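To start, the structure under review is shown below, and the notes come after it.
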Protein chains: 2
Amino acid sequence: MPARVTTLKELAASLGLSITTVSRALAGHQQIALKTRERVAQAARQAGYVPNTAARALVSGRSGFVGLVLPIRGPNLVDSFLGEFVTGLGEGLVSHGADLILATAAQDQAEIAVLRHVVESGRADGVVVTRIAEVDERLAYLRRRGFPFVAHGRQLDSDFAYNWLDTDGAHAFGEAFDMLYDLGHRHFGLVTISEPMTFRHLRQDGLAAAIARRGDPSVRLDVATAPRFDRGARIQAVNRMLHGPERPTAVVALFDELALTVMEEAARAGLTVPRDLSVIGFDNVLASAYAPPGLTTFDASIRQCAREIADMLLTVIADRPAEPLTRLIRPTLVPRASHGPAPRTRN
Amino acid sequence: MPARVTTLKELAASLGLSITTVSRALAGHQQIALKTRERVAQAARQAGYVPNTAARALVSGRSGFVGLVLPIRGPNLVDSFLGEFVTGLGEGLVSHGADLILATAAQDQAEIAVLRHVVESGRADGVVVTRIAEVDERLAYLRRRGFPFVAHGRQLDSDFAYNWLDTDGAHAFGEAFDMLYDLGHRHFGLVTISEPMTFRHLRQDGLAAAIARRGDPSVRLDVATAPRFDRGARIQAVNRMLHGPERPTAVVALFDELALTVMEEAARAGLTVPRDLSVIGFDNVLASAYAPPGLTTFDASIRQCAREIADMLLTVIADRPAEPLTRLIRPTLVPRASHGPAPRTRN
DNA sequence: GCAAAAATTTAAAACGTTTGCAATTCCGAA
DNA sequence: TTCGGAATTGCAAACGTTTTAAATTTTTGC
């Protein structure tokens, strides 16, 4: 391996040129003679020259990084999409030569403090924020700072515009209802969470809208609510729904983990899915394919979304478009075996 | 919100001090009067001053980042532990004020090229490398460069020492064998992959060693091998094993995805797990809890391992210890319902 | 063959921080 | 007061790059 040249100064010296010329040649400036540019490029390649990131960032004011504050959910709980999400981001960034910074909040530290630090230390040229709450202080902060960002998800009734990409949960839940209605179901259950997340709101609205659209007064909807991360409470809520005086014939869950709980509790109660009960989830987590009889759900193609988010963010960083960029992605139905015709007789 | 001060110069000016003094005061140097230090700290906090990362990195030669080259497996395949792994790394790094850089290899780009770039551009002070092959050029490169790194996994018969943390797969597979043997099993199956990964080697060795240790000549072991990512070939290999003249009563799979395939194919063949066939996996992926009847497997607590890897790496970066750091982590058995006593009669 | 224009190259400043060394201030002792 | 030394503060260089403005070389037109 040839001796590595670490700085522009060394490279320039070895070529008998000035630092300026070498810098410009590597950047491909037209004003440098083509012959020189080629000579420099060749020498740089051969010497294994790689420009120093810090120096470049210092003078240009751009770090070439995009930031993501790691969403940590709990000591034993990791965001199930994190892997797909960062992979998608990485894929989207790499074609533009950008890299991803993952900043983590310490235990006692608020996520927004980490975000602040990332933004204000110049570590990143832009950030992506995930898991948007109905009213999210992070978005307000970023907007105030005028810092480039793209949100994965939306605020509710935002009083300002911003760049976002979201999954069309409302449409999916409407689609789920329509499918189940056409299979004869009239008594529905909805398993949801108590936290104020926008996606909860939108999905529920989508379901309600579909019901209203149908205009059938015989349609009935029961709702079971539990805190997002409280497994015990969730099981209780599901069981209240399954063992009420009249049981829904079809249950729609806000996301797969809730749907899997429904299937487990249904099995425990001696119910057969989908003969006695149809269940539909949302997210298409790995387990939904393996949990018997196979959960019908929606796939939001997180990786692809993340790739688009990366593209959007790089556009925002480079062009600062006047109009905010927004994308609504329609999730695809993954039909498996947990849904079917409504049972003939109520028990 | 008060006007934000972005540079040391501004902060110094507002205090009527020199840049030097302010810099030293913030760094907590004793030579600066205590009163001054407090005054500066107070002003910095109030003004929301955050030092510029690039400038600091340039002068100190340290970026404060740790690098990870994103392991991308394929267009639709994401390393299932990636989320846990980066979360653990983040947790380990945050207490030392370090952040994580995720660099991604473009489609046609070798992972080592990305690694090179990360190392040589000064983006990171150290890197962690995962999925170590039996002979891994990345380790050789990093060693040649004298660049701080910690490997998650080991080379086979390495001719140099380095820092690593690995899961004790050999021990786990021995434990699995002993447990199954004590349940009466004598005819074993091993489902494995054809790729030269160290973990394959070690786990197989652990199994073989346990068999030898037992010294029972009636023990028999069938091996089914398929390429790691070829689902079709995997299913074929499993079926050959299940439909051979004599079928094993217990199957140990190199990792959960293989074990789940075994369970699926066993169900398809009308076999009941664990009555007719015991199955044990490795990894404890989410689906292993949901796949009926629940897969007995081993948990390597990836997140905790990643946290330790972060600690190790930070130690290596700071202290450059003469002796390499190594940690062997024993995975814990997660007993579920896919293993049981050997069937009385062979069919 | 010469001046002007075009093409190419370079010197020097700047980015925001840390740090070796020098300068200043402060204090008590003479 | 004045001096010495300790305590405190500040100047200026350095890190490796990009960029403005200027200098140099080459080419062109007559």
Side-chain angles (χ1 to χ4, degrees), chain A residues 4-41 43-44 47-65 97 117-125 318, chain B residues 4-41 43-44 47-65 97 117-125 318:
Chain A
R4 301 246 146 192
V5 160
T6 54
T7 74
L8 213 44
K9 184 149 76 171
E10 285 172 38
L11 187 59
S14 80
L15 281 161
L17 287 169
S18 74
I19 295 178
T20 308
T21 304
V22 176
S23 172
R24 289 218 167 94
L26 289 174
H29 284 212
Q30 297 294 327
Q31 65 188 124
I32 302 297
L34 182 59
K35 214 179 68 181
T36 310
R37 271 182 281 167
E38 281 166 350
R39 195 160 64 99
V40 170
Y49 168 75
V50 177
N52 179 295
T53 308
R56 182 175 271 187
L58 183 57
V59 63
S60 71
R62 289 220 173 149
S63 67
F65 285 119
H117 203 255
V118 168
V119 167
E120 287 166 25
S121 65
R123 276 166 154 70
D125 304 331
Chain B
R4 301 248 145 191
V5 161
T6 54
T7 76
L8 212 46
K9 185 149 76 170
E10 285 172 38
L11 187 59
S14 80
L15 282 160
L17 289 169
S18 73
I19 294 177
T20 307
T21 304
V22 176
S23 172
R24 289 209 168 101
L26 289 173
H29 284 212
Q30 297 294 327
Q31 66 186 124
I32 302 297
L34 181 60
K35 213 180 68 181
T36 310
R37 271 183 281 165
E38 282 167 349
R39 196 161 62 98
V40 170
Y49 168 74
V50 177
N52 179 296
T53 309
R56 182 175 272 186
L58 182 57
V59 63
S60 72
R62 289 221 172 147
S63 67
F65 285 119
H117 203 256
V118 168
V119 168
E120 288 166 24
S121 66
R123 277 165 155 69
D125 304 330

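A note on names: the letters A, B, ... follow the listed sequences, proteins ahead of strands, and every chain is numbered from 1. Bear in mind the structure is a predicted one, so any value in this text is a computation, not a measurement.
A straight line from CG of A:N52 to C1' of C:dG16 spans 14 Å, rounded to a whole angstrom. We find that NE2 of B:H29 is positioned 15 Å from P of D:dG10, with the value rounded to whole Å. One interatomic measurement links the two molecules: CZ of B:R56 to P of C:dT19, which rounds to 10 Å at whole-angstrom precision. When rounded to the nearest whole Å, the span between CZ of A:R62 and C1' of C:dG16 equals 18 Å. As a whole-Å value, the separation of B:Q31 CD from C:dA22 C1' is 13 Å. As rounded to whole Å, 8 Å separates atom C1' of C:dG20 from atom CZ of B:R24. Summarising the geometry, the separation between CD1 on B:I32 and C1' on C:dT19 is reported as 12 Å, rounded to the nearest angstrom. Atom C1' of nucleotide D:dA14 and atom CG of B:L58 are separated by 9 Å, given to the nearest angstrom.
Summary of the strand contacts: B:T21 and B:A54 both lie near DNA chain C, and taking for each the nucleotide with the nearest heavy atom, the more 5' one is attributed to B:A54.
A:L17 comes within 4.0 angstrom of the backbone, heavy atoms only, and of no base.
Every residue two or more places apart in sequence or in another chain that forms a side chain to side chain donor-acceptor pair (under 3.5 Å) with A:T21 is listed here: A:S18. For B:S63, the side chain to side chain donor-acceptor pair (under 3.5 Å) test picks out B:D125, with sequence neighbours left out.
Side chains of A:L26 and A:L8 form a contact here, defined as non-hydrogen atoms less than 4.5 Å apart. Annotation: side chain of B:V40 is not in contact with side chain of B:R24 (no heavy-atom distance under 4.5 Å). Considering only heavy atoms from C-beta on, B:E10 stays 4.5 Å or farther from B:Y49 through its side chain.
Each of D:dA14, D:dT8, D:dT18 was ranked by its minimum atom distance to the side chain of B:V59; first place goes to D:dA14. Of the candidates C:dT10, D:dT17, C:dT18, the closest approach to any side-chain atom of A:A55 belongs to D:dT17.
Between the side chain of B:T20 and the base of D:dA12, at least one donor-acceptor pair of N or O atoms lies under 3.5 Å. On a pure distance criterion of 3.5 Å, no polar donor-acceptor pair joins the side chain of B:T7 and the base of C:dT17.
Between D:dT17 and A:Y49, a contact under 4.0 Å exists linking OP1 or OP2 to a side-chain N or O. In terms of phosphate contacts, B:S23 brings no side-chain nitrogen or oxygen within less than 4.0 Å of OP1 or OP2 of C:dT19.
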